[in-house]
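Values reported hereafter were calculated over all heavy atoms of this structure, with side chains retained and with hydrogens, waters and symmetry mates removed. Counting starts at 1 for both ligands and their atoms, following the listed order.
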Amino acid sequence: MPGGVSSPVRAFGAVGGTPPFIRKGSGAYIEDVDGRRYIDLVMSWGPLILGHSHPEVAEAVRAQVALGASFGAPSEPELALAETICRLVPSVERVRLVSSGTEAVMSAARLARAATGRRRLLKFAGGYHGHYDPMLEQGGSGLATLGLEARSVETAVAPYNDLAAAEEVLAGGDVAAVFVEPIAANMGVVAPAPGFLEGLRAACDESGTLLVFDEVITGFRVALGGAQERFGIRPDLTVLGKIIGGGLPVGAYGGRDDLMRLVAPEGPVYQAGTLAGNPIACAAGLATLRVLERDPPYARLEAAAERLAEGLHDLPVAVSRSASLLTVFFADQVPVNYEGARRSDLEAFGRLHGAMLADGVYLPPSQFEAWFLSTAHDGEVLDSLERALAANLERIIAAR
Ligand code: PLP
């Protein structure tokens, strides 16, 4: 296995040290193969908004396993998940289920190109949209690259929060779609500046470009209807993943009815998958969305993130927070784009990561990632977290 892992960031290359191998998770905690317990702030990189092994999600999986793992034919869980997504995500009128966020992005790009007859795509520096080739231009998630000399000539890149730069690209009239994380969370958390997303919407309308919100992280994380509900902006297409699979592999793309009708078999834009709409994954996602709808946790999650940020108020670090997503940067200022995020002291972050791990807290092993909370991160967990964080930060800052 390259790097001993199935996905690069897990190898701890950005922070040093050796990753623990995880055997199980429960609530806000994970436990490694040596029996050490950690408060988890990775939460499988976002899907586990209800914590590890939530009883309702686990039961839904058990029940579906008993009925069969996969049929490659229409089934009830996929229909129920699709209906729930269309009901809750404001701009999604029709949806296609796939197996990962990457696949959803790739499929949305194909659809946007077919619908507009244009090939170019615009993304933002430090934005991560999975490992589809054109989306690895100045990819976030630390060091996502194509690994080839060749670059994607079809991808234009603008700095995040720089509306004028995006408008200039779009004025050319040859861009099929703008892909944007409505809250950037793969260069560490970077909030959209007031007017940025609204401006993109207007510039897309003017230039005949489709606006695609990549809500793989923000979907069902910052509101039931995602960032588009929170900010009141209607993208043409939306890409989802993570939470809609409740910890199992699911992605989705959806949006305007007229666009989605172009997807096969209704239209000519081919896209398919052996395990797409997998019943076990859809059952897990559906169970998660049911809990979120019954008892929306968004105010509580946001209060928890705010509390963590407040707790670090007197320390010379920049806590970047949007909704319940946050990242601690070793910088003077909260970054507004990738360039700003990269000014953080990465060595200091590596030291923090190692110290927190030794104290039983599993932070994302890279500066350029969001810290994820769940409904299982209760007052007691937050107390421990806050204590460990403040003590380690003070020590690391004093030694700099
Ligand atoms: N888009 C965003 C915003 C992401 O954060 C990610 C993954 O972290 C993806 C797309 C890709 O999703 P996946 O890893 O499921 O392919």
Could you tell me whether R351 sits above the aromatic face of F349, with NZ or CZ closer than 6.0 angstrom to the six-membered ring centre and within 45 degrees of the axis?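 No - R351 does not lie over the ring of F349 by the 6.0 Å and 45° rule.
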Quick check with a 6.0 Å cut-off and a 45 degree axis cone: is R37 positioned over the face of Y29's six-membered ring?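 Yes; both conditions hold, so R37 lies above the ring face of Y29.
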Flag the pair R343 and E339 as a salt bridge only when some basic side-chain nitrogen lies within less than 4.0 angstrom of an acidic carboxylate oxygen.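 Looking at E339 together with R343, the answer is yes, because their closest N to O distance falls below 4.0 Å.
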Considering distance alone, does some N or O of [X] sit under 3.5 Å from an N or O of ligand 1?
{"X": "E181", "value": "no"}
{"X": "V216", "value": "no"}
{"X": "E103", "value": "no"}

Give a yes or no on whether the backbone of L136 and the side-chain of K123 come within a donor-acceptor separation of less than 3.5 Å.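 No, the answer is negative, given that no donor and acceptor are paired below the 3.5 Å cut-off.
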Any side-chain to backbone donor/acceptor pair from E215 onto A227? Under 3.5 Å, distance only.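 Present.
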Nearest protein heavy atom to [atom], by residue and atom, and its distance?
{"atom": "atom 14 (O) of ligand 1", "answer": "T102 OG1, 4.5 Å"}
{"atom": "atom 9 (C) of ligand 1", "answer": "G130 N, 3.6 Å"}
{"atom": "atom 2 (C) of ligand 1", "answer": "Y128 O, 3.3 Å"}
{"atom": "atom 8 (O) of ligand 1", "answer": "K242 NZ, 2.9 Å"}
{"atom": "atom 12 (O) of ligand 1", "answer": "G101 CA, 3.3 Å"}

Going by the angle between their ring planes, with limits at 30° and 60°, are Y362 and F12 parallel, tilted or perpendicular?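 Answer is tilted, since the angle falls between 30° and 60°.
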Residue portion contacting ligand 1 (non-hydrogen atoms closer than 4.0 Å) for H129: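 For H129, only backbone atoms sit under 4.0 Å from ligand 1.
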Which bit of N186 is near ligand 1, meaning a heavy atom under 4.0 Å away: side chain, backbone, both or neither?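 Under 4.0 Å from ligand 1, N186 contributes side-chain atoms alone.
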Under the criterion salt bridge (charged side-chain N to carboxylate O under 4.0 Å, His left out), I'd like the reasoning laid out for D32 against K24: C-alpha separation, chi angles, the key distance, then a yes or no. CA-CA 7 Å; D32 71 14; K24 61 181 182 182; over 6 Å; no
For ligand 1, which atoms sit closer than 4.0 Å to a heavy atom of [X]?
{"X": "I217", "result": "5 (O)"}
{"X": "D214", "result": "1 (N), 2 (C), 3 (C), 10 (C)"}
{"X": "S100", "result": "15 (O), 16 (O)"}

Between F196 and Y160, does the ring centre distance come in under 6.0 Å?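 Close enough - the centres of the two rings lie under 6.0 Å apart.
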Could you go step by step and tell me if V328 and L312 meet the side-chain contact (heavy atoms from CB on, under 4.5 Å) rule? CA-CA 9 Å; V328 175; L312 305 178; 3.8 Å; yes
